Amino acid sequence: MNGSSQQPSVVKITDQEFTELKNFVYRTYGIDLSKKRQLIEGRLSHTLRSKGLSSFGQYMKMIQQDASGTEMHQFLNKITTNHSYFGRENEHFNFLLQTALPELERSRHNDLRIWSAGCSAGQEPYNLAMTMDQYFGPRKQLWDTTILATDISTNVLSKAKEGIYPSDQLTGLPPQWLSKYFSRLDGKNYQVIPRIRKEVVFKIFNLMDAFPARKPFDIIFCRNVMIYFDAETIARLIDKFYQATAPGGYLFIGHSETINRETTKYEYVQPAIYKKIK
């Protein structure tokens with residue numbers, strides 16, 4: 001014996017278990033796990049051991065029998081990577097300030113409907129709220145620009161509601177925005193001010209479900225979410241977004257994502273920005 005501590009062994013998932021888990025997650029959430037076998041074993045082995053389970057088959061049974069949905073949400077928190085920061089793909093916010101918002105202000109009646117779909121830990125919807133505040137200025141009190149922010153991860157939504165971020169996630173913001181829209185909590189953490197936090201409504205939502213909106217949206221951000229989906233799922237989702245977009249409204253996607261321009265009804269505006277004309 002050399003006295004060194006051994007790392008806990010990884011619980012292996014069988015071919016049948018992997019197929020069942022992959023198909024279940026794809027059917028329910030549209031997430032393609034076909035290339036994530038090692039990730040599943042690595043991230044969930046500790047979870048299985050902590051619950052006294054010896055196989056992924058037992059774990060899937062536990063998930064499916066949990067009527068509260070808690071086990072499924074914990075599973076989703078483990079397998080999805082939520083990496084975001086303020087100022088991500090800043091050209092989208094510049095386009096809003098310079099093009100989209102002036103145009104929408106002329107055609108809308110004091111009401112803008114905005115959706116951050118796959119909002120992660122809240123940086124994107126808060127960035128949107130700050131952009132709205134910056135654009136409208138004193139006119140903001142005349143407008144309803146409440147932002148709906150949704151995600152399937154309960155973990156990130158609870159963090160998002162707090163609005164607390166370390167300084168290294170704020171480097172993409174203009175310095176004046178940091179002093180205007182954040183309060184410093186300690187040496188390295190900042191919190192979004194209450195006035196901006198009130199502009200965002202956070203809700204858990206699965207993009208594979210029917211969209212519940214009573215009225216169409218003028219601005220939809222769904223960035224770096226479709227990286228988890230295959231081409232067929234993306235096409236269905238883009239069509240659902242189109243149906244949920246008001247004429248003249250915009251869809252923003254991630255720069256690493258693509259939409260089939262030959263099949264979509266959206267009009268291409270510039271990289272990662274699309275518009276519903278009529």
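Worth saying up front: this structure is predicted, and the values here are computed from it rather than measured.
For NZ of Lys180, the number of neighbouring non-hydrogen atoms (other residues, nucleotides, ligands) closer than 6.0 Å is greater than 12. Counting non-hydrogen atoms of other residues, nucleotides and ligands closer than 6.0 Å to NZ of Lys159 gives a total of 12 or fewer. For Lys240, the NZ atom sits in a packed shell: over 12 heavy atoms of surrounding residues, nucleotides or ligands are nearer than 6.0 Å. Counting heavy atoms of neighbouring residues, nucleotides and ligands inside a 6.0 Å radius, atom CD of Gln38 does not exceed 12 of them.
A distance-only check finds no donor-acceptor pair linking the side chain of Thr264 to the backbone of Arg261 [under 3.5 Å]. Using a distance-only test at 3.5 Å, with no hydrogens or angles considered, a donor-acceptor pair links the side chain of Gln191 to the main chain of Glu162. Under the 3.5 Å distance criterion, the side-chain polar atoms of Arg37 are matched with a main-chain donor or acceptor of Ile13. Formation of a donor-acceptor pair under 3.5 Å by the Thr131 side chain with backbone atoms of Asn127 is found in this model. Using a distance-only test at 3.5 Å, with no hydrogens or angles considered, a donor-acceptor pair links the side chain of Asn23 to the main chain of Thr19. Checked by atom type and distance alone, the side chain of Ser45 pairs as donor or acceptor with a backbone atom of Val11 at under 3.5 Å.
Using a 4.5 Å heavy-atom threshold, the side chains of Val269 and Thr99 count as separate. In this structure the side chain of Met72 reaches within 4.5 angstrom of the side chain of Phe75, judged on heavy atoms. Taking 4.5 Å as the limit, some side-chain heavy atom of Cys119 sits within range of a side-chain heavy atom of Leu157. Contact annotation: the side chain of Phe229 never approaches that of Arg236 to less than 4.5 Å [non-hydrogen atoms, C-beta and beyond].
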Pair Phe56-Glu20, side-chain contact (heavy atoms from CB on, under 4.5 Å): steps then yes or no | CA-CA 10 Å; Phe56 277 89; Glu20 289 177 5; over 6 Å; no
ring-ring contact (aromatic ring centres under 6.0 Å, His included) between Trp177 and Phe93, worked out = CA-CA 13 Å; Trp177 284 30; Phe93 300 104; 8.0 Å; no
Given the rule in the side-chain contact (heavy atoms from CB on, under 4.5 Å) test, do Asp133 and Glu199 qualify, once you have shown the distances and angles that lead to the verdict?
-> CA-CA 10 Å; Asp133 189 80; Glu199 291 289 311; over 6 Å; no
Going through the checks in order, is the side-chain contact (heavy atoms from CB on, under 4.5 Å) test met by Tyr165 and Gln123?
-> CA-CA 9 Å; Tyr165 304 96; Gln123 294 95 330; 3.8 Å; yes
Can Lys22 and Asp15 be said to form a salt bridge (charged side-chain N to carboxylate O under 4.0 Å, His left out), step by step?
-> CA-CA 10 Å; Lys22 177 186 67 172; Asp15 290 345; over 6 Å; no
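For Pro166, the side chain to side chain contact (heavy atoms under 4.5 Å, CB included) partners are Asp168, Gln169, Asn189, not counting sequence neighbours.
The nearest pair of heavy atoms linking Met208 to Thr28 is CB-O, 3.5 Å. Pairing each heavy atom of Asp111 with each of Lys215, the nearest pair is OD2-NZ, 3.0 Å. Closest heavy-atom contact between Asn224 and Ser256: OD1-OG, 3.6 Å. Closest approach of Ile114 to Thr145, counting heavy atoms only: CD1-O, 3.8 Å. Scanning all heavy atoms of the two residues, the minimum distance from Glu17 to Gly57 falls at OE2-N, 3.0 Å. The two residues Arg197 and Val192 come nearest to each other via the heavy atoms NH1-O, 2.5 Å.
Residues Leu185 and Phe182 do not share a hydrophobic cluster, clusters being chains of Ile/Leu/Val/Met/Phe/Trp/Tyr side chains in contact below 4.5 Å. No path of Ile, Leu, Val, Met, Phe, Trp and Tyr side chains, each step under 4.5 Å between heavy atoms, connects Ile164 with Val200, placing them in separate hydrophobic clusters. Under the 4.5 Å side-chain heavy-atom criterion for ILVMFWY residues, no single connected hydrophobic cluster contains both Phe217 and Ile277. Under a hydrophobic clustering in which Ile, Leu, Val, Met, Phe, Trp and Tyr are joined whenever their side-chain heavy atoms come within less than 4.5 Å, directly or via other members, Val201 and Phe221 fall into different clusters.
Checked against a 6.0 Å centroid threshold, the rings of Tyr135 and Trp143 do not count as neighbours.
In this structure, CG on Leu33 lies 12.5 Å from NZ on Lys35, to the nearest 0.5 angstrom. Atom CD1 of Ile273 and atom CZ of Phe95 lie 4.5 Å apart (nearest 0.5 Å). Going from atom CD of Glu41 over to atom CG of Leu48 covers 10.5 Å, rounded to the nearest 0.5 Å. Taking CD1 from Ile219 and CG from Leu101, the interatomic distance works out to 5.0 Å, rounded to the nearest 0.5 Å. Considering CG of Leu128 and CD1 of Ile147, their distance stands at 5.0 Å, rounded to 0.5 Å. To the nearest 0.5 Å, the span separating SG on Cys222 from CE on Met226 amounts to 5.0 Å.
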Show the atom names and distances, to 0.1 Å, of all donor-acceptor pairs under 3.5 Å that link a side chain in residues 243-253 to residues at least two apart or in another chain.
| from | atom 1 | to | atom 2 | distance (Å) |
| --- | --- | --- | --- | --- |
| Thr245 | OG1 | Phe241 | O | 2.6 |
| Thr245 | OG1 | Tyr266 | OH | 2.7 |
| Tyr250 | OH | Glu103 | OE1 | 3.1 |
| Tyr250 | OH | Glu103 | OE2 | 2.9 |

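No hydrogens or angles considered: nothing links the side chains of Asn155 and Ser153 as a donor-acceptor pair under 3.5 Å. In this model, a donor atom of one side chain and an acceptor atom of the other lie less than 3.5 Å apart for Tyr26 and Thr233.
Below 30°, between 30° and 60°, or above 60°: for Phe202 and Tyr126 the angle between ring planes is above 60°, a perpendicular geometry.
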